[in-house]
Amino acid sequence: TEKELILTYYGFAIMPGYRPYIWLELENKIIQNNNDRKFKLAKTLSDSLVGMIPVSTMANEELSYSCGRTGDSIGAAFYRKQYEKLLSIILNSGDGKSKETAYKVIGMKDISVITQRKKMQVTKQKRIKSKNHVYEVLTVFYKFKKQKIYFDITLIETYGIKAIQKKKK
């Protein structure tokens, strides 16, 4: 059900294996391989990432793309559907117009996925803290207007930083 998927998406941030900053390098490698038309390698890497982070919007989107480019239409459709469901969870978490209605994300790449999906041109990005929350605030051009879009990254900062500190010990 949709409620179970929502709980899975946000609940993933409190799982012991949650390491959002550590995954960034692999996420970037996957995107680069798809851009370089190395679809089999991108498919292998993104499949690995989806295995570790089944709730990654970026990994599901890139896996769908690489499946399609390697002739796996069933995989492409499946992972595209997963991507759409995950994206819907984030988009339904708020409207991004203020701190109070910020989009709630558990991965930094989710921010890129949303801005690309909504065809926003990012001109500035900054991090702010307010009332025990951490936000990534983007200044974007969207629908021919300059505006600010808020993303609540509290889960990333709270649990992601703990994962890094544990690894250093």
Side-chain angles (χ1 to χ4, degrees), residues 5 8-10 12-13 15-91 93 96 103-127 134-144 146-153 155-157 159-161 163-164 166-168:
L5 192 56
T8 301
Y9 176 77
Y10 291 110
F12 196 79
M15 299 297 287
Y18 178 68
R19 290 175 171 68
Y21 290 109
I22 294 167
W23 300 323
L24 283 173
E25 185 178 336
L26 180 55
E27 290 171 333
N28 289 330
K29 190 182 284 189
I30 292 166
I31 292 168
Q32 189 61 54
N33 278 294
N34 267 334
N35 288 343
D36 292 345
R37 306 182 63 76
K38 296 177 182 173
F39 303 119
K40 286 184 181 179
L41 180 56
K43 183 178 176 183
T44 300
L45 294 172
S46 52
D47 186 50
S48 171
L49 187 58
V50 166
M52 292 184 287
I53 322 167
V55 295
S56 168
T57 54
M58 191 274 334
N60 279 280
E61 178 185 34
E62 294 293 327
L63 183 52
S64 171
Y65 181 73
S66 58
C67 282
R69 299 301 290 195
T70 57
D72 179 0
S73 59
I74 293 171
F78 176 80
Y79 291 107
R80 184 69 188 185
K81 188 174 181 180
Q82 292 299 102
Y83 161 75
E84 293 291 342
K85 286 178 181 179
L86 293 165
L87 189 62
S88 176
I89 288 168
I90 299 167
L91 292 172
S93 70
Y103 294 117
K104 292 167 184 56
V105 296
I106 65 163
M108 295 305 289
K109 287 291 183 189
D110 291 342
I111 295 171
S112 300
V113 168
I114 300 260
T115 56
Q116 289 171 0
R117 177 65 176 259
K118 290 182 156 270
K119 296 179 173 63
M120 297 174 172
Q121 181 182 359
V122 179
T123 60
K124 188 176 172 186
Q125 189 167 343
K126 69 178 180 176
R127 188 165 293 178
V134 183
Y135 302 92
E136 201 72 11
V137 183
L138 279 59
T139 303
V140 300
F141 277 104
Y142 180 57
K143 296 184 178 179
F144 305 105
K146 185 177 179 179
Q147 52 190 289
K148 290 187 181 204
I149 304 294
Y150 293 80
F151 292 88
D152 186 335
I153 62 167
L155 289 171
I156 299 169
E157 286 295 297
Y159 295 102
I161 296 298
I164 291 171
K166 281 182 186 176
K167 188 175 182 174
K168 286 182 180 177

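Computed from heavy atoms alone, side chains included, the values below leave out hydrogens, waters and symmetry copies.
- With sequence neighbours excluded, no residue forms a ring pair (Phe, Tyr, Trp, His ring centres under 6.0 Å) with Y9.
- Looking only at distances, no side-chain donor or acceptor of S64 sits under 3.5 Å from a matching main-chain atom of N60.
- In this structure, D152 has no salt bridge (charged side-chain N to carboxylate O under 4.0 Å, His left out) partners at least two apart in sequence or on a different chain.
- E136 is linked by a salt bridge (charged side-chain N to carboxylate O under 4.0 Å, His left out) to R127, counting only residues two or more places apart in sequence or in another chain.
- Taking Y83 as the reference, nothing meets the ring pair (Phe, Tyr, Trp, His ring centres under 6.0 Å) condition, with sequence neighbours excluded.
- Pairing each heavy atom of I90 with each of Y10, the nearest pair is CA-OH, 4.2 Å.
- Note on residues 73-87: pairs passing salt bridge (charged side-chain N to carboxylate O under 4.0 Å, His left out), not counting sequence neighbours, are R80-E84, E84-R117.
- Applying the ring pair (Phe, Tyr, Trp, His ring centres under 6.0 Å) criterion to F12, with sequence neighbours excluded, gives no partner residue.
- Expressed to the nearest 0.5 Å, how far CE of M108 lies from CD of Q125 amounts to 6.0 Å.
- Applying the side-chain contact (heavy atoms from CB on, under 4.5 Å) rule to S73 yields no partners; only residues at least two apart in sequence or on another chain are considered.
- The side-chain heavy atoms of K118 and L91, taken from C-beta on, include a pair separated by under 4.5 Å.
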**OP:** Carefully, step by step, assess Q32 and N28 under the rule side chain to side chain donor-acceptor pair (under 3.5 Å).
**Re:** CA-CA 6 Å; Q32 189 61 54; N28 289 330; over 6 Å; no
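- Applying the ring pair (Phe, Tyr, Trp, His ring centres under 6.0 Å) criterion to Y79, with sequence neighbours excluded, gives no partner residue.
- Remark: S66 OG to E61 CD distance equals 10.5 Å, nearest 0.5 Å.
- N35 contributes atom CG, which lies 12.0 Å from atom CD1 of I30 (distance to the nearest 0.5 angstrom).
- Taking every heavy atom of both residues into account, A42 and N34 meet most closely at CB-OD1, 3.2 Å.
- Residues in residues 24-33 take part in no salt bridge (charged side-chain N to carboxylate O under 4.0 Å, His left out) pair, two or more places apart or across chains.
- The ring pair (Phe, Tyr, Trp, His ring centres under 6.0 Å) analysis of residues 37-71, with sequence neighbours excluded, yields the pairs F39-Y65.
- The structure places OH of Y142 at 9.5 Å from NZ of K119, a figure rounded to the nearest 0.5 Å.
- No side-chain heavy atom of K104 sits under 4.5 Å from any side-chain heavy atom of L155.
- The salt bridge (charged side-chain N to carboxylate O under 4.0 Å, His left out) contacts involving residues 64-79 comprise K43-D72, where partners must be two or more places apart or lie in separate chains.
- At distances below 3.5 Å, at least one donor-acceptor pair connects side-chain atoms of T123 with backbone N or O atoms of T139.
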**OP:** Dump the intermediate steps for side-chain contact (heavy atoms from CB on, under 4.5 Å) on I153 and I111, then the final yes or no.
**Re:** CA-CA 10 Å; I153 62 167; I111 295 171; 4.0 Å; yes
Considering only distance and modelled atom types, tabulate donor-acceptor pairs under 3.5 Å from the side chains of residues 47-59, sequence neighbours left out.
from : atom 1 : to   : atom 2 : distance (Å)
S56  : OG     : A59  : N      : 3.0
T57  : OG1    : D110 : OD1    : 2.5

